[in-house]
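Step one of this worksheet: look at the structure below.
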Protein chains: 2
Amino acid sequence: MKYTSYKPMNCSLAQTLAVIGDRWTLLILRDIFFGQKRFAQLQRNLGIAKNILAARLKQLMEEGIVEKRESESGAHAEYVLTPAGLELQPVLLAMTHWGDKHRPNPKGERVTFIERETGKPIRRMGVVSEDGRPLRAREVRAIPGPGAD
Amino acid sequence: MKYTSYKPMNCSLAQTLAVIGDRWTLLILRDIFFGQKRFAQLQRNLGIAKNILAARLKQLMEEGIVEKRESESGAHAEYVLTPAGLELQPVLLAMTHWGDKHRPNPKGERVTFIERETGKPIRRMGVVSEDGRPLRAREVRAIPGPGAD
DNA sequence: CAGTATCCTACGTGATACTG
DNA sequence: CAGTATCACGTAGGATACTG
């Protein structure tokens with residue numbers, strides 16, 4: 001009768017969904033990845049209700065994805081990604097790449113990710129073999145590990 | 001007053017969420033990636049209500065992620081991934097990797113992805129520069145493209 | 001500015017019964 | 001087996017007013 005929770009599932013994907021699977025969470029993280037730090041900025045950019053944003057940020061803090069701190073001037077609060085949060089970048093980028101390819105804007109790419117130092121676009125997110133060859137979906141197989149049921 | 005829809009957002013990430021952002025969708029896709037093909041299998045493995053599963057599969061077909069076909073014997077229906085669906089694999093794998101690392105099962109890795117031909121584990125999903133160097137989140141920058149607002 | 005506190009409602013979900 | 005139909009429910013989401 002209650003909504004099924006992701007938490008008790010012994011599945012790495014479900015565990016990730018327990019953290020970022022809510023409707024707004026990934027969009028909030030996107031904005032934080034893009035440099036937004038403040039509550040009001042996030043709220044305006046996203047058009048999200050304040051109570052929802054507050055709840056999601058609280059949840060992200062409890063999950064260790066985001067940290068709250070004072071700004072340098074001490075004038076306001078800032079939300080920044082923790083190391084665990086930063087490691088969500090491959091997830092965000094893989095989803096962004098897929099959307100840009102399969103649900104494109106007719107005017108072209110909406111966003112390009114470049115390497116900060118060289119200015120060159122990064123490589124498209126993809127599955128890669130141990131020695132660096134790109135693999136297609138069918139060339140990959142999943143086998144249960146010690147933590148499987 | 002209505003739930004905010006992802007569709008009108010000019011954002012590649014939001015577009016992807018419009019396709020796979022529902023609570024059950026990614027878990028269904030996971031099972032299909034893992035080789036499940038039939039309605040009853042999916043329903044039992046996931047513990048999902050039949051009407052929900054039917055609705056999600058229908059949606060996935062409309063979005064061009066999954067196709068329905070007859071089994072070879074003709075005895076039952078099968079759901080298989082389209083090319084666009086197969087290209088979601090990086091998303092699934094990135095999420096699985098994150099969950100396995102940051103929400104681990106104490107007994108060890110829940111699943112390992114190996115290259116079918118060599119049997120060797122694939123490389124961990126990560127952001128990579130044009131010439132193949134792994135990049136950390138902070139070394140990547142997003143710049144607006146022609147499809148940006 | 002950065003939230004809480006309330007209240008309301010629509011929607012996603014879940015259970016079950018039924019059908020070709 | 002592979003769904004459809006119906007109904008009942010909880011909760012996520014939304015709007016708004018208020019607070020330190």
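These numbers were taken from a predicted model, which means no experiment stands behind them.
In this structure, of D:dG13, C:dG12, C:dG3, it is C:dG3 that holds the atom nearest to the side chain of A:F39. Closest contact between the side chain of A:R38 and the listed nucleotides C:dC1, D:dG14, C:dT13 involves C:dC1.
Whole-Å rounding puts the A:E78 CD to C:dA2 P distance at 9 Å. Spacing between atom OH of B:Y6 and atom C1' of C:dG12 amounts to 13 Å, rounded to whole angstrom units. Between the CZ atom of B:R44 and the C1' atom of C:dA15 there is a distance of 19 Å, given to the nearest Å. The separation between A:N45 atom CG and C:dC1 atom P is 13 Å, rounded to whole Å. What separates CD1 of A:I52 from P of C:dA10 is a distance of 16 Å, to the nearest Å. Rounded to whole angstrom, the span from the CD atom of A:Q36 across to the P atom of C:dC1 amounts to 14 Å. Following rounding to the nearest Å, B:E70 (CD) and D:dC1 (C1') show an atom-to-atom distance of 11 Å. When the C1' atom of D:dC1 is taken as reference, atom CD of B:Q41 falls 12 Å away, rounded to whole Å.
For B:E139 and A:R116, the salt-bridge test fails: no basic side-chain N is under 4.0 Å from an acidic carboxylate O.
Comparing B:D22 and A:A54 along DNA chain C, the residue whose closest nucleotide (by nearest heavy atom) sits nearer the 5' end is A:A54. Mapping B:G47 and A:H76 onto DNA chain C via the closest heavy atom, the residue that lands nearer the 5' end is A:H76.
One finds the CZ atom of B:F39 at 6.5 Å from the NZ atom of B:K50 (value rounded to the nearest 0.5 Å).
Residues from residues 24-33 of chain A that place a heavy atom under 4.0 Å from any atom of DNA chain C: there are none.
Under a hydrophobic-cluster definition in which Ile, Leu, Val, Met, Phe, Trp and Tyr are linked whenever side-chain heavy atoms come within less than 4.5 Å, directly or via other members, B:V111 and A:V128 are assigned to different clusters.
Under a 3.5 Å cut-off, the side chain of A:R110 and the backbone N or O of B:N10 do not form any donor-acceptor pair. A donor-acceptor contact shorter than 3.5 Å links the side chain of A:Q15 to the backbone of A:M9. Side-chain N or O atoms of A:S129 include none that pairs as donor or acceptor with a backbone N or O of B:I122 at under 3.5 Å.
A search for side chain to side chain donor-acceptor pair (under 3.5 Å) contacts involving A:R103 returns B:E63, not counting sequence neighbours.
Close to D:dG3, at under 4.0 Å from its OP1 or OP2, lies a side-chain N or O of B:K68. Between C:dG12 and B:R56, no contact under 4.0 Å exists linking OP1 or OP2 to a side-chain N or O. The phosphate of C:dG3 has OP1 or OP2 within less than 4.0 Å of a side-chain N or O from A:Y79.
Among the heavy atoms of the strands lying under 4.0 Å from B:N51 is at least one base atom, whether or not backbone atoms are also near.
Counting heavy-atom neighbours within 6.0 Å of B:R124 CZ, excluding the residue itself, gives a total above 12.
Taking only distance into account, the side chain of B:Y3 meets the base of D:dA12 through a donor-acceptor pair shorter than 3.5 Å.
Pairing for C:dG20 goes to D:dC1, judged as Watson-Crick or G-U wobble with the two contacts each under 3.5 Å.
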